[in-house]
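Beneath this line is the structure, given in structure tokens, with notes to follow.
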Amino acid sequence: MSRYEAPLEDLNFIFEHLLDNERLVALPGFEDLSTELIGAILEEAGRFASGVLAPLNATGDREGVRWSDGEVATPEGFKEAYRQYVESGWNNVAVEKEYGGQGLPYAVSMAIGEIMMAANKSLVMCPGLTLGAIESLCAAASPEQKALYLPNLVSGRWSGTMNLTEPDAGSDVGALRCKAIEQADGSYRLHGQKIFISYGEHDLTENIVHLVLARTPDAPEGVKGISLFLVPKFLVNPDGSLGARNDVRCVSTEHKLGIHGSPTCVLAYGDREGATGYLVGEKNRGLQAMFVMMNMARLIVGLEGVALSERAYQQALDYARERIQGVDALSGEPVAIVRHPDVRRMLLSMKSQIEAMRALSLVIAQAQDLAQRHADPEVRRCNQAFVELLTPVFKAWATENGIRLTQLGVQSHGGMGFVEETGAAQHLRDAVIGVIYEGTTGIQAADLVGRKLARDGGAAFAALLRDMSDVAEELQRHRDLGDIGSGLAGGIASLRQAGEHILPLYRDDAQAALAVSVPFLMLAGTVAGAWQHGRGALAAARLIEARGEPGAFLKGKLVSARFYVAHVLVQALALAETVRCGAAPVAESADFLC
């Protein structure tokens, strides 16, 4: 297993040149921030990740979690690392100060999240889930519930989970059967089973707060009858101290392809008298409250694709520089495999797509900050529309890429990539779940086409295309970047044509549109990545002109952008053609597949 170093140079480049830092730090609550302070925070995050979290990544994968009589033990070293993580405050950087958090911008939190997940995804899933629970409670809980539960969740003494999936209710949340029966004191007793609950049981915190979707006996059928309940592992006394053990237990943990260091649990609620729970928000409106947690989780899962790809890239690059095999065509001398053109092609494929995904993640995150805090309602509205449009795109595109890029990391090692001792395979195994978490790629694509595009008739999509086109035109006017601009303009044209096809298709034949919704989503992600590369190339060119020489990093940004246009963006035309004519074979397949 190779070392991990946070990609600080690229992160700082994005914050300084692709994000509007002056606009960001001028938002209410961020006045004490500066570009220099953001850089210092990211540097410290990198130091913590490489020194504390990364050394436990491979050992946690090999050891895994241990279940015994309803209790779960995490791998050796995880408890101490978690303690250091929360004592250092990394668990609550984006939580509002009024709830005990640090109140940093969501963009900074996303950058820190990438660093920590690249170092040890299995471990940092726990505080990540807790952050989602905090967001849901902040949005929907009563003042009394906030006062009783948020302080310990924000401090990291307690952790949180999200409980949706049941044996017969996966993506079809409306089919869930978990029951909640109201008691005389206003509490509820829950009975049912939940599966695939990440960190549903563990030894990192003294209490676990489960957010559980369930039905009351009089609830209507489907998603309109779902309510959200807070169910603690240990009941909480009015003074905040812990009381008796609640009637919820871990029946088993799953044996998984990857993320072995994180427990994925089957939880049984109400095997005895019923698990005590408390209604969060309004009855029968639980899905809306849970969506606060789920929307944030989709961005975080997309970020996992970036983080694991970065970790795989660093390892592949180190190996390619050290592994001697083959000879130089001119001198006949033995060379490191990084000298072979196809190895460099694989490495550039990883590097260019990681940089595109990273930039897009932070652009979306900054838009989220603007949507929440800007004084102008119209600015808030436009940025919220941007976030909603690109969240499913980023989640699915980044996680799909995460599998492909970590696989390239394995291939870059040759046969040694298939050997567990090198650690290359772990990144691929850990990445696979991303396309399933928080809704599969198909579900994200259906959300994009059926909700985000159709809801406003494509208005947010049209605004995005205009922003992209402005960058393409500026690139085409630049004396050295016209090739990047022409490529981007072609990608935008393909995306526009695909959008003009799929919008009316969805209105006339939703099933046909859904049949090509994934290619459309991947097209949108591919072009959005090129947009970010174009913006990065313009910034790099300006810096080179100001300094008089490129330097390795800035030269690398231009090479990466050109590689992306030549090797990745060219797929846009084919994806657009699939959107245009790919629905019919899917419809015809019903005759022999169904």
Side-chain angles (χ1 to χ4, degrees), residues 10-24 107 351-368 370 379 382-383 385-387 389-390 393-394 397-398 458-500 521-546 550 553-573 575-576:
D10 196 39
L11 286 168
N12 286 327
F13 175 83
I14 294 169
F15 271 95
E16 293 176 24
H17 303 290
L18 301 190
L19 304 187
D20 190 343
N21 260 7
E22 291 186 5
R23 196 181 191 192
L24 183 65
K351 172 182 164 62
S352 67
Q353 292 181 76
I354 291 165
E355 290 175 354
M357 294 187 297
R358 175 180 296 126
L360 187 61
S361 75
L362 295 177
V363 167
I364 295 171
Q366 181 178 250
Q368 182 70 49
L370 293 167
V379 172
C382 291
N383 278 278
F386 178 87
V387 170
L389 176 68
L390 284 179
V393 173
F394 173 70
W397 174 65
F461 179 65
L464 175 64
L465 291 174
R466 288 194 295 271
D467 289 344
M468 291 178 173
S469 296
D470 289 344
V471 173
E473 291 171 7
E474 186 176 357
L475 286 161
Q476 288 175 307
R477 291 193 299 267
H478 196 284
R479 65 177 184 274
D480 297 323
L481 304 177
D483 56 334
I484 299 174
S486 296
L488 177 57
I492 295 167
S494 293
L495 180 58
R496 178 180 289 108
Q497 291 163 8
E500 290 172 349
L521 181 149
M522 296 302 291
L523 169 60
T526 300
V527 177
W531 172 41
Q532 295 309 312
H533 265 301
R535 297 178 68 227
L538 287 167
R542 286 192 291 267
L543 289 171
I544 292 169
E545 291 166 6
F553 174 77
L554 294 177
K555 182 178 180 181
K557 295 300 291 184
L558 294 177
V559 170
S560 187
R562 288 194 164 92
F563 181 93
Y564 189 97
V565 168
H567 287 252
V568 181
L569 183 59
V570 290
Q571 300 167 24
L573 188 62
L575 287 167

Side chain to side chain contact (heavy atoms under 4.5 Å, CB included) between L558 and L481: does it pass, once the steps are laid out? CA-CA 9 Å; L558 294 177; L481 304 177; 4.0 Å; yes
Hey, could you give me the NE2/CZ distance between H567 and R562, rounded to the nearest 0.5 Å? 13.0 Å
For the atom pair CZ (F461) and CG (L390), what is the distance rounded to the nearest 0.5 Å? 10.0 Å
M357 and A398 have their tightest heavy-atom pair at SD-CA, 3.5 Å
Which value, rounded to the nearest 0.5 Å, describes the distance between L475 atom CG and D483 atom CG? 9.0 Å
With sequence neighbours excluded, what pairs up with R535 under the side chain to side chain donor-acceptor pair (under 3.5 Å) test? Q532
Between atom CZ of R477 and atom CG of L538, what is the distance when rounded to the nearest 0.5 Å? 9.5 Å
Interatomic spacing from NZ in K555 to OG in S560 - rounded to 0.5 Å: 13.5 Å
Test: R542 and E474 ion pair at under 4.0 Å: yes
Name the orientation class of the two ring planes belonging to H17 and F13 (parallel below 30°, tilted from 30 to 60°, perpendicular beyond 60°). tilted
Y564 and T526: side chain to side chain contact (heavy atoms under 4.5 Å, CB included), yes or no, with the steps? CA-CA 9 Å; Y564 189 97; T526 300; 4.0 Å; yes
Over 12 non-hydrogen atoms of neighbours within 6.0 angstrom of CD in E545: yes
Heavy-atom distance under 4.5 Å between the side chains of V471 and L488, does that happen here? yes
Looking only at heavy atoms, which two atoms of P550 and I544 are closest? And how far apart? CA-CG1, 3.7 Å
Is it true that, when you exclude L465 itself, more than 12 heavy atoms of the residues, nucleotides or ligands shown sit nearer than 6.0 Å to its CG? yes
Measuring only between side-chain heavy atoms, which start at C-beta, is D10 closer than 4.5 Å to F553? yes
Verify side chain to side chain contact (heavy atoms under 4.5 Å, CB included) between V527 and L569, making sure each step is shown before the conclusion. CA-CA 7 Å; V527 177; L569 183 59; 4.2 Å; yes
What residues form a side chain to side chain donor-acceptor pair (under 3.5 Å) with D470, not counting sequence neighbours? none
At what distance, to the nearest 0.5 angstrom, does OG of S352 lie from NZ of K557? 10.0 Å
With the side chain counted from C-beta on, respond yes when L24 and Q366 share a heavy-atom pair under 4.5 Å apart, and no when they do not. yes
Could you tell me whether the side chain of R23 reaches within less than 4.5 Å of the side chain of V379, counting heavy atoms only? yes
